[in-house]
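Input: a single structure, listed below in structure tokens.
Throughout, a chain's letter reflects where its sequence line sits, starting with A, and its residues are numbered from 1.
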2 protein chains.
Amino acid sequence: MAGHSPPADTLKSGERQAGRPYDRSGDGMILAATLDLLTERSYDRVTLDDVAARAGKAKTTIYRRWATKDDLVLAAIHSIGQPPEVADLPDEGTLRADLLAVIDSPWLGGPARRILIFAGLTSAARSSAGLADAIRLQVTEPYVDVYRRILERAIDRGEVPEQMATRVPILADIIPAMSSHRVSTTSEHVHRDFYIAVIDDVLLPALVPKVTSSSEEA
Amino acid sequence: MAGHSPPADTLKSGERQAGRPYDRSGDGMILAATLDLLTERSYDRVTLDDVAARAGKAKTTIYRRWATKDDLVLAAIHSIGQPPEVADLPDEGTLRADLLAVIDSPWLGGPARRILIFAGLTSAARSSAGLADAIRLQVTEPYVDVYRRILERAIDRGEVPEQMATRVPILADIIPAMSSHRVSTTSEHVHRDFYIAVIDDVLLPALVPKVTSSSEEA
DNA sequence: CTATTACGCTACTCCTCAGTAGCGTAATAG
DNA sequence: CTATTACGCTACTGAGGAGTAGCGTAATAG
């Protein structure tokens, strides 16, 4: 019945099909439009007519590639790929500079768009159970993992004391958690100052071993 | 005409209308069912037929009280009220105990249900712009404010040094941010251990001034 | 009892949106 | 040129869901 998943993989590279070829460049437009719309509206309110209009493609063209709306969004998630920092862990010499390097990463169009995409995907995860796993595996976990590895390397380097190792898993969540919370509870944008405050007022101080153990126990 | 917003306020307390009276007890059922469903599905997938079925009321009865779905959810948000801690700031003697008292608060059915409701409302805020403001003003901000006041009182008490005052606004966000992030990025429940880890490994350490070179006691 | 008003129920209207059919046209191969 | 395949467009189907109409019944007041 034709439709969906154009040959691509099933085509030997030497062979060439007759007829008008798939416009692969259009795929990128469609997936980008999908992500953009997800930053603006909830998953259920993003219609395929919207996507088609924004991408400048016909709705039927979209359905020739992906069978359902879920498939389209799933493809958009896969198109995100992993943050480049997964392969290329920044190494600026200090923990603070490394953290800022991840924040300033141009991945997904830089911090402003990236945090909006995260928020959109988080909402999509609530609407479609199948999407939730894909988002967690493909996006959330790899991203948090970058922070985790940066923190662990700071320990290896001797910049942070060994005993802080147990805190690393929870500290790796802080920047994503705080920025997500900000973007979803305020209407304003999240500025760089905010990330810096999270780093300097929360993350880094939390990596200093306890000085007085008396004041907190009861 | 008629419909929506039964007299209630417009009725002098002495007077009594003829006819079958409004079943006020049913309102609670309806609003609770609405909140429950919002913890399970995204706002757009909660139907009024669902609410009616769950509350054990007829859909038409719901529409006799609230004109639209948004009005219903708005009423559900108002029914939440403010956390009791706003009026009765816990005072357990130590900052740590105060924080735990807020976490363990039975408000909204205790921590487990409360965090699910927060997540549901966050998603609802993305679906309806009008709801977003109500949620922020009625729920999010008052709740964060409780943490803020607890932290400030710890400073007043002398338990936390004055110089940490600038960190308070951002630290007040930590517990809500971290728990929201947890519940929306994992499928598991959020346990008390997690809150304790946030307090002991993040919040409290971040309130200790930097003492880098000086030596530790304890 | 009668009058009044709320409730439950069934059935409806209307609209949005996912997904499809079919046709004319554009782009390739030979 | 012909054959083939993708694209854009208009129009459609079908389902789900917000909101309504109308009727029979339940609960109050007098």
Query raised in the report: Taking only side-chain nitrogens and oxygens of A/Arg65, does any of them come within less than 4.0 Å of OP1 or OP2 of D/dC7?
Result: yes

Query raised in the report: Do the side-chain N or O atoms of B/Thr47 get closer than 4.0 angstrom to the phosphate oxygens (OP1, OP2) of D/dG17?
Result: no

Requested in this report: Specify the closest pair of heavy atoms between B/Ile170 and A/Met178, including all atoms of both residues, with the distance to one decimal.
Outcome: O-CE, 3.4 Å

Distance in angstrom units between [X] [atom1] and [N] [atom2], rounded:
X       : N      : atom1 : atom2 : result
A/Asp49 : D/dA11 : CG    : C1'   : 12 Å
B/Tyr63 : C/dG8  : OH    : C1'   : 16 Å
B/Leu48 : C/dG8  : CG    : C1'   : 16 Å
A/Lys69 : D/dG16 : NZ    : P     : 15 Å
B/Leu72 : D/dG17 : CG    : C1'   : 15 Å
A/Arg20 : C/dT28 : CZ    : P     : 8 Å
A/Arg24 : D/dT5  : CZ    : P     : 15 Å
A/Asp71 : C/dG19 : CG    : C1'   : 12 Å

Does [X] contact [N] through a side-chain donor or acceptor facing the base, at a distance under 3.5 Å?
X       : N      : value
A/Lys59 : D/dG8  : no
B/Arg45 : D/dG17 : no
A/Thr60 : D/dC9  : yes

Query - Pair partner, C/dA11 [Watson-Crick or wobble, under 3.5 Å] - result: D/dT20

Query raised in the report: With both distances kept under 3.5 Å, what pairs with C/dA26, Watson-Crick or G-U wobble?
Result: D/dT5

Requested in this report: Just grab all the ring-ring contact (aromatic ring centres under 6.0 Å, His included) pairs involving residues 118-139 of chain A, residues at least two apart or on different chains.
Outcome: A/Phe118-A/Tyr143

Query - Side chains of A/Thr68 and A/Asp70, donor plus acceptor under 3.5 Å - result: no

Report task. Select base, sugar-phosphate, or nothing to describe what B/Val51 touches, counting heavy atoms under 4.0 Å on all strands. Result -> nothing

Query raised in the report: Within 45° of the axis and under 6.0 Å from the centre of the six-membered ring of B/Tyr43, does NZ or CZ of B/Lys69 qualify?
Result: yes

Query raised in the report: Is it the case that B/Arg24 places NZ or CZ above or below the six-membered ring of B/Tyr22, under 6.0 angstrom from the centre and within 45 degrees of the axis?
Result: yes

